[in-house]
Amino acid sequence: MSIQISFPDGAVRQYEAGVSGFEVAKSISEGLARHVLAARVNGEVWDLSRPIPSDATIQFLKWEDSDGKSTFWHSSAHLMAEAVEALFPGVKFWVGPPVERGFYYDMDLGDRKISEEDLVALEKKMKELAAAKSEFIRKVISKSEAVEYFSAKGDEYKLDLLQGLTDGEITFYTQGNFTDLCRGPHIPNTGLIKAIKLTGIAGAYWKGDEKNKMLTRVYGVTFPSQKELDEYLAMLEEAKKRDHRKLGKELGIFTFDDDVGPGLPLWMPNGAIVIEELEKLAKETEEDAGYKRVVTPHIAKESMYITSGHLPYYQDSMYPPMELEGVKYYLRAMNCPHHHKIFDAEQRSYKDLPLRLAEYGTCYRYEQSGELFGLMRVRCLHMNDAHIYCTREQFADEFRAVNDMYLKYFGIFGIDKYVMRLSLHDPAKLGQKYINEPELWIETEAMVRQVLIESNIPFIEVADEGAFYGPKIDVQIWSAIGREFTLATNQVDFAQGRRFNLSYTTAGNETDVPLIIHRAPLGTHERFIGFLLEHYAGKFPLWLNPRQVKVLPISDKFADYAKSVASQLKKAGIRAEVDDRNEKIGKKIREAELQRASYMAVVGEKEMEQGQVALRRQGKGDLGSMTVEAVIAKLKNEISSRRDDE
RNA sequence: GCCGUUGUAGCUCAGUGGUAGAGCACUUCCUUGGUAAGGAAGAGGUCGUGAGUUCAAUUCUCAUCAACGGCUCCA
């Protein structure tokens, strides 16, 4: 019997029923057959060896396809497991999936420890096994047989996995001496894996739950050629160069000190400049958007956090209370309750709404020691916070305006690699992780979703990521080394208004509770500046750059002129410094470039005579000579527009 | 908090069971030089902290603190 196979370009070809993807690939070209890793058959990724029983659509997956890579790395995880089993007999396996950049396998090594040296031995073994070009063989197996196999092996993890599977849908994959319970698919054989690097050993809780046993996780990455591995390793080196922890030190932005404490950054003068510029931007923007600024204390009595309901959800990540005269005070981990108290301090009418209270609020969170990460995860943070109190009718417009503010900011900073995430509750955790108001959750989630759809903002929805008091939109970004963080957040709160007994008088002379929006478009100074350091690779745009102009005299003869240039620039509100060290101009330029000064103003005899400077742009080179007035006009324009000249 | 790794000068890093070295930075001197490193000399460290083993510990062992790679968690 013959079947019809259609290809992505619309072509249709006839084959015998039961033809394999590999045979189809070979019928097209030998080259394709050599490189193809898997096939998407009727939309599902299949092994190339799997027979195609009836008419189907097919698309060949190669290394360039993300599904091709995943398959390649998943097979690499099996290859690693085979090597582990060869070197550590008796090991028990949990799961070994592909990830963003490579793969891992979780395993229980019993009492044995695995070290960096073992990784070298494992890599060697993997290379040996890869060279054997073992085929990955798929076998459908009954549940009872599968249970029998892993019972005999004593692998309770695989048995646990089997419990959740349906008889008839269970498959085993075997390559060489290694057999694994696996849904597949896999690449044709291990010989395609040419370059192997095991990248790390880590502990990982079984099933991701910290109450469970910790398994050993080995990470690795593989490639179809050594060249690609080398490129990947070079790329990692590049990423490290833009790590905000490295740049922050090099540029004098922030530091940590053991005596101050972990996670408590000290902002150095250059960091303080960036902070002040960001606050200036936020204050201007919020002023335009009708926000009012407030200032509130960093501590509050326990009673307030009992009222707010934060204590049961948050206590673990708050610094322990200080007790004075029988009263407990907490360092605040969030600003909202303080702002609610300001709302509540005066009688409110519907005419006062929406009321938007803004503050760059300082908060303290006792994050677990292992969670700290440079500026991205700290224990003292300054939040670009504001709370908007509004009626239900005003909610959509207010929420939309907040989103527009996000987009405006992202435009200014050129932030385009992010994902908007609509973070929802999990009905199973109502009353524990989330306020137990099922209807309100559903209603407000729909409101937020609607705003996003109407604003044409692409977003993804994720369950079990909401705040305890309502759904939120998080802006997700990635650090230089690939870690994911929430940069900014826009949250709905239908719970705290009631808990604080907040109210306003409606037009109908009745009392109602306002809805609250919590928003932090610039997140916290800590995370935002950490992000910006990496985003700009240290090259801040002029308006944000602590080093706007470095005036560089050719020799000491021009030092006085250089100082007068700098003071003119400073008078015009431009940050300028003179490098009057006894060094050659080449060296001064090199160092100013490395410090990412936006501009360098070189002054020598010619410039001094004509009241000019030779202007040089960081990363671009000499722009030619111009008068000091012209430089001031140009730079002031760039600064006030917050946009660098191209 | 958990698993693993690391901790030597301001920074980046060598090194050793017999109380330490390089490059850059710093100080001084020479040089006054036109768009990414001019030359010389000098100063600087109780080798993260505490205990143990040893005739002797920066080096070996243990504990502790911190950082890093993950897990969990999160702005």
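Just so you know, these numbers come straight off a predicted model, no measurement behind them. Just so it is clear: chains get the letters A, B, ... in the order the sequence lines come, proteins before strands, and each one is counted from 1.
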Polar pair under 3.5 Å, donor/acceptor by atom type, side chain Tyr205(A), base G70(B):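 Per atom types, no contact qualifies.
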Determine whether a donor-acceptor pair (one donor, one acceptor, N or O, separation below 3.5 Å) exists between the side chain of Thr524(A) and the base of A75(B).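 Pair found.
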Look at the side chain of [X] and decide which nucleotide, out of [options], has an atom nearest to it.
X: Ile554(A); options: G34(B), A75(B), G38(B); answer: G34(B)
X: Met214(A); options: G70(B), A75(B), G33(B); answer: G70(B)
X: Glu367(A); options: A75(B), G34(B), C71(B); answer: A75(B)
X: Lys587(A); options: C74(B), U72(B), A37(B); answer: A37(B)

Identify the residue among His338(A), His339(A), Arg293(A) that makes a side-chain hydrogen bond (donor to acceptor under 3.5 Å, both in side chains) with Glu359(A).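 With Glu359(A) as partner, His338(A), His339(A), Arg293(A) yield a single side-chain hydrogen bond (donor to acceptor under 3.5 Å, both in side chains), made by His339(A).
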Using whole Å, what does the distance between atom [atom2] of nucleotide [N] and atom [atom1] of [X] come to?
X: Gln595(A); N: U35(B); atom1: CD; atom2: P; value: 20 Å
X: Phe528(A); N: A75(B); atom1: CZ; atom2: C1'; value: 12 Å
X: Arg581(A); N: G38(B); atom1: CZ; atom2: C1'; value: 13 Å

Taking 4.0 angstrom as the limit, do Asp645(A) and Lys634(A) come out as a salt bridge?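 Looking at Lys634(A) together with Asp645(A), the answer is yes, because their closest N to O distance falls below 4.0 Å.
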How does protein reach along nucleotides 63-69 of chain B, written 5' to 3' as B (base within reach of a heavy atom under 4.0 Å), S (only sugar-phosphate), or - (no contact)? ---SSSB
Applying salt bridge (Lys or Arg N to Asp or Glu O under 4.0 Å), can you list everything that pairs with Asp155(A), at least two apart in sequence or on another chain?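 Residues passing salt bridge (Lys or Arg N to Asp or Glu O under 4.0 Å) with Asp155(A): none at all.
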Which parts of residues 232-240 of chain A get close to RNA chain B, meaning a heavy atom less than 4.0 angstrom away?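 Close to the strand, none.
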Would you please indicate yes or no on a ring centroid separation below 6.0 angstrom for Phe485(A) and Phe373(A)?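 For Phe373(A) and Phe485(A), the ring centres are under 6.0 Å apart.
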